[in-house]
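Here is the structure we will look at, set down as structure tokens.
All values below were derived from every heavy atom in this structure, side-chain atoms included, with hydrogens, water molecules and symmetry-related copies excluded.
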Protein chains: 2
Amino acid sequence: MVPVTEQAGTSDGARPMRADARRNYEKIVAAAREVFAERGAEGSLDEIARRAGVGPGTLYRHFPTREDLIDELMRDWTSRVVADSDNAVAAGRPARETLVRWFDDLVRHLTLHRGAAAKLSAAMDDRSSPIFRKCQQLADANERVVRHLAETGELRRGVEPRHLMRLVAGVAVVADAAAVTDEEIAAMLGIVIDGVVLDPAPS
Amino acid sequence: MVPVTEQAGTSDGARPMRADARRNYEKIVAAAREVFAERGAEGSLDEIARRAGVGPGTLYRHFPTREDLIDELMRDWTSRVVADSDNAVAAGRPARETLVRWFDDLVRHLTLHRGAAAKLSAAMDDRSSPIFRKCQQLADANERVVRHLAETGELRRGVEPRHLMRLVAGVAVVADAAAVTDEEIAAMLGIVIDGVVLDPAPS
DNA sequence: TGCTAAACGGAGACTGTCTCCGCATTCCTG
DNA sequence: CAGGAATGCGGAGACAGTCTCCGTTTAGCA
């Protein structure tokens, strides 16, 4: 059991943060949430520092790169997606229905902030990226869902989870860059799903 | 018959460019080709001006935005893709094979320069973008291929060409951002194709 | 309370975008 | 071929963003 006092910015094992550092850390995270929500994942970092009421130096000490900051914003978020994948598996619904829900969740989460989907999908193969681990978690969650369906024999042979992950990431990226309606996203995901499930699709 | 002396930068209908202007225009295009090839579609515009041996002002007069420059680099390129689509239709191959070739062409062309795929797919819905017309041409070419296959009855009902266009653009974008092998690209496109063709897929 | 390690923050170096306008070049006309 | 608009040039510099360095401040402990 992890102590409930475990909080953002608390070192994992290292010495606890000084009170002022913790305070600033949290102000920065709050400001980042604001700015990213307004301006997307490419919002100005100095602007975030300004809104947080700290100097740029302070921001960069806590978060050496933009990705580190994004990583922090995605902290709880990722675990929620992972939980969604567990539910998807546990529910025992037919493959098509499971995938519709799961992909929809995935896209919705990937496009939380404008520009985030592109960052995430770029980091998927970049071990040096601070958000690489997050991407791995998402990919693992996806793999769990896909493997589960494969075992029930409802998917075509040879379907690789990572290809589906990338396809869905692709959908998320274009949906994020251009203004694509939810219906269109659903239609695109529908094509992908038709491409991997075995059961006869209508028409 | 269009006069053979018609050249890049020659106005369409307006007064011909002054000799020095034409010279600079071409130096800029050559430099842009270099820089974009080396650094991707986000390469520095001032760097392009420097290599072309002109001032930034000159570059911006000829090409007010980065997209205008990309547009010029894609001049002949787009027509080649359009020709490919005509060939694809004319060959009269089975749907699956036609799509494999066509999507492969599309992805290869979209990822010509790093970052270009993202720009293209963002411009697809942005009427104000200088490259919007290019995107339309690509989309039209795709629509021709898809509609043709639909008419031969080899595709599932309700498949919208623009959804396929976006899906393929998505594949191109993720392939471009991350380092994805040709085999993986083919596999992803294969899933999309399985999602739209009617004939029984192997396994 | 006084000391030390930790953290702060802002000046400023650097890079990239983009504009403005005095100067140079072209090319037309007489 | 000369002269004068018209056209185009180009670089200084405003502006915005990233990121660092280091003198100053502060927290937390003894």
Contact under 4.0 Å: S44(A) side-chain N or O vs dA16(D) OP1/OP2: no
R61(B) vs dT19(C): side-chain N/O to OP1/OP2 distance below 4.0 Å: no
Side-chain N or O of H62(B) closer than 4.0 Å to phosphate OP1/OP2 of dG8(D): no
Residue-phosphate contact under 4.0 Å: N24(B) side-chain N/O, dC9(D) OP1/OP2: yes
Sugar-phosphate only, base, or nothing, as touched by R66(B) at under 4.0 Å among non-hydrogen atoms: sugar-phosphate
Touch class at under 4.0 angstrom, heavy-atom based, for D20(B) against every strand present: sugar-phosphate
Cationic N near anionic O, under 4.0 Å, D125(A) to R162(A): no
Nearest-angstrom distance from the residue atom OH of Y25(A) to C1' of dA6(C): 17 Å
Nearest-nucleotide 5' precedence on DNA chain C, A19(B) against P56(B): P56(B)
Distance test, side-chain N/O of R18(B) to OP1/OP2 of dA6(D), below 4.0 Å: no
Euclidean distance, atom OH of residue Y60(A) to atom C1' of dG12(C) [Å, nearest integer]: 14 Å
Side-chain donor-acceptor contact under 3.5 Å, S79(A) with D76(A): no
Proximal nucleotide (of dG9(C), dC19(D), dT26(C)) relative to the D46(A) side chain: dC19(D)
Protein-nucleotide distance (L59(A), atom CG; dT18(D), atom P), rounded to Å: 10 Å
Interatomic distance, E42(B) CD vs dT15(C) P [rounded to whole Å]: 18 Å
T58(A) side-chain N/O to dG9(C) phosphate OP1/OP2 under 4.0 Å: yes
Separation of atom CZ in R23(B) from atom C1' in dG8(D), rounded to whole Å: 11 Å
Atom-to-atom span, CG of D68(B) to C1' of dT17(C) - whole angstrom: 15 Å
Note: R51(A)-E47(A) ion pair, threshold 4.0 Å (strictly below): yes
Cationic N near anionic O, under 4.0 Å, R108(B) to D104(B): yes
Evaluation steps, side-chain hydrogen bond (donor to acceptor under 3.5 Å, both in side chains), between D126(B) and S128(B): CA-CA 5 Å; D126(B) 179 7; S128(B) 69; 2.7 Å; yes
Spacing between E47(A) atom CD and dT18(D) atom P, to the nearest angstrom: 10 Å
Whole angstrom value for the distance that separates C1' of dG10(D) from CG of L45(B): 16 Å
Sugar-phosphate only, base, or nothing, as touched by R50(B) at under 4.0 Å among non-hydrogen atoms: nothing
